[in-house]
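Heads up: the structure comes next, in structure tokens.
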Amino acid sequence: MTSPTEPAAPVCAPASVDLVVVGAGPAGMAGAVAAAEAGLHVAVVDAAGQPGGQYWRHADERTGDPEHRPHGWSTYLALRARFDAVRASGRLSYLPGRQVWFIDRADKPAAGGTAGFAVHTTASVAGSGPLSPDTEGAETRVLRAGALLLCPGGYDRQLPIPGWDLPGVMAAGGVQAMVKGSGTVPGRRAVVAGTGPFLLPVATGLAEYGVKVAGIFEAGALRSWVREVGNAARVPAKAGEAVGYVAKLARHRIPYRTRRVITAIHGDDRVAGVTVAAVDGDGRVRPGTERQIACDLVALGWGFTPSPELVIAAGADTRVDVDGSLVAVVDDAGRTSAAGVYAAGEITGVGGATVAVDEGELAGLSAAADAGLRVDTTRCARLRSSIARGRAFAGAMHRSHPVPPRWSEWLTDDTVICRCEEVTHADIRYAREHLGAHDPRTVKMLARPGMGWCQGRVCGFATTHLSGAPDGAAAEPHLRATAKRPLAAPITLDELAALDDPNR
Ligand SMILES: Cc1cc2nc3c(=O)[nH]c(=O)nc-3n(C[C@H](O)[C@H](O)[C@H](O)COP(=O)(O)OP(=O)(O)OC[C@H]3O[C@@H](n4cnc5c(N)ncnc54)[C@H](O)[C@@H]3O)c2cc1C
């Protein structure tokens, strides 16, 4: 495996390639490797400093503790060996620490002489500090590509609750990223809450680092899985994982309570405790069941939501998935509705790392086949059936762990919905009831949720649901309108000006 401590190859990323892959998580790595092995020239742009994405996030390879390795590490190592091999062969350029902020159709032809895309990149946080990774493309701001494979993954979905803006409240994925990435624990006594199986690795991961986990509070009920036995059985490995987590919960004495939610988080200048209550299947609190638990860390996770900016920028169609997320529409080869644009992994629907790897590989092979290269069609068929099994399981998971429809009943008037712009629940209600705002976009214009630094990535789900659109706040046009972010990352004015400069 090439270590980022070793000097980068003395080449710059070619400004023009056959395929640009965005993201080096499970989907992007698999897609890039498959396409490069099939013969395409590929550039991988990744905002992170080293490959692996969210699932295989690991300690800095230059300094990290090799004892702590994420799940599926052997799959990562095998993929990483192939990634490094195609990189050494010169068919794959890797640009870590760079973020794609804009995509447009290119006016100059890409590698094969075909018109394609101009992919504009900027340094990400991982690529801008003194420890930024060596990169083959630090000076390559704009890549020209015949085709694109978009694998940007996603992030934690959050629901606002009273007190969620206190220091010590974190997204479950953020807690896990700290633990996996640096072995840092952000508290001594934690409560983990929300819905879905992801709460389990977060809680057990904290416990393994010595944090006392006072409980996991799951809004769903395990009996919901009974309806899904057929779909769950299609991926037997998941049952083994579940058994492993049950054993870990017992070993660390972590209580696991279903049909429970946190209705309020308490503290003056940081978290001191939470109120937990029993709820019915719709999320209505059962009066008299509230109790307080002391803690200094709250990890909240309501599933994940994909990052659709680049899919929208590329002009590809989107749809609403079973979990309410806006995702890219793809065919059974990973092609989106936009010619030359492929998508794989979480962006096509939150489904886990195994599906992401299979989808990435299939999309990479499809890009190669569409470019006229020979690919193994038996392998493609095998990948399709594996993806179908994984997607069936993912659907079962989403149906068993929905966001409770009555969650907004836990809000108070002064609950902050948009933390960037400090917009409260009362502000949004006022815009609806007195200013005539009846869709998320108008609410956004009149009350300003989603107008701040994160551009609605954190509050977008809540705002769309609170806007009370008559056709259903979760309708695709509303979600697409709130997810449209012409600039996918913050950039400097100089970078913006360079768009108009033919010499840069
Ligand atoms: C915080 C978090 C923690 C998770 N932990 C677990 C876990 O413990 N167990 C589990 O089973 N699943 C976990 N998941 C889900 C799991 O990560 C996914 O199923 C899997 O990683 C999806 O792979 P992917 O390649 O689609 O996306 P990701 O792994 O998310 O990779 C996407 C990559 O794209 C990069 N990227 C995004 N936008 C841009 C851009 N504009 N320009 C350049 N690069 C970009 C990101 O930096 C990232 O490296 C987690 C998800 C999140 C969000």
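Whatever order the structure lists ligands and atoms in, that order sets their numbers, starting from 1. The structure presented is a predicted model; accordingly, all values stated were derived computationally and were not measured.
Legend: residues meeting salt bridge (charged side-chain N to carboxylate O under 4.0 Å, His left out) with Glu309, ordered by chain and number and at least two apart, are Arg457, Arg485.
Within the 4.0 Å heavy-atom shell around ligand 1 one does not find Ala488. In this structure, Lys180 counts as a contact residue of ligand 1, since one of its heavy atoms falls inside 4.0 Å of the ligand. In this structure, Ala177 falls outside the shell of residues with a heavy atom less than 4.0 angstrom from ligand 1. Not a single heavy atom of Ala489 lies less than 4.0 angstrom from ligand 1.
Applying the salt bridge (Lys or Arg N to Asp or Glu O under 4.0 Å) rule to pairs touching residues 335-349 yields Asp331-Arg335, Arg335-Asp370, sequence neighbours excluded.
The residue among Tyr55, Phe304, Trp101, Tyr155 with a heavy atom at the shortest distance from atom 50 (C) of ligand 1 is Phe304. With Gly173, Gly154, Gly28 as candidates, the residue nearest to atom 53 (C) of ligand 1 on a non-hydrogen basis is Gly154.
Residue-level proximity to ligand 1 for Arg57 is absent, since no heavy atom of it falls below 4.0 angstrom. Counting heavy atoms closer than 4.0 Å to ligand 1, residue Thr121 contributes nothing at all.
The distance between the ring centers of Tyr76 and Tyr55 does not fall below 6.0 angstrom.
Contact check on Arg257 versus Glu218 returns no salt bridge, with no Lys/Arg side-chain nitrogen under 4.0 Å from an Asp/Glu carboxylate oxygen.
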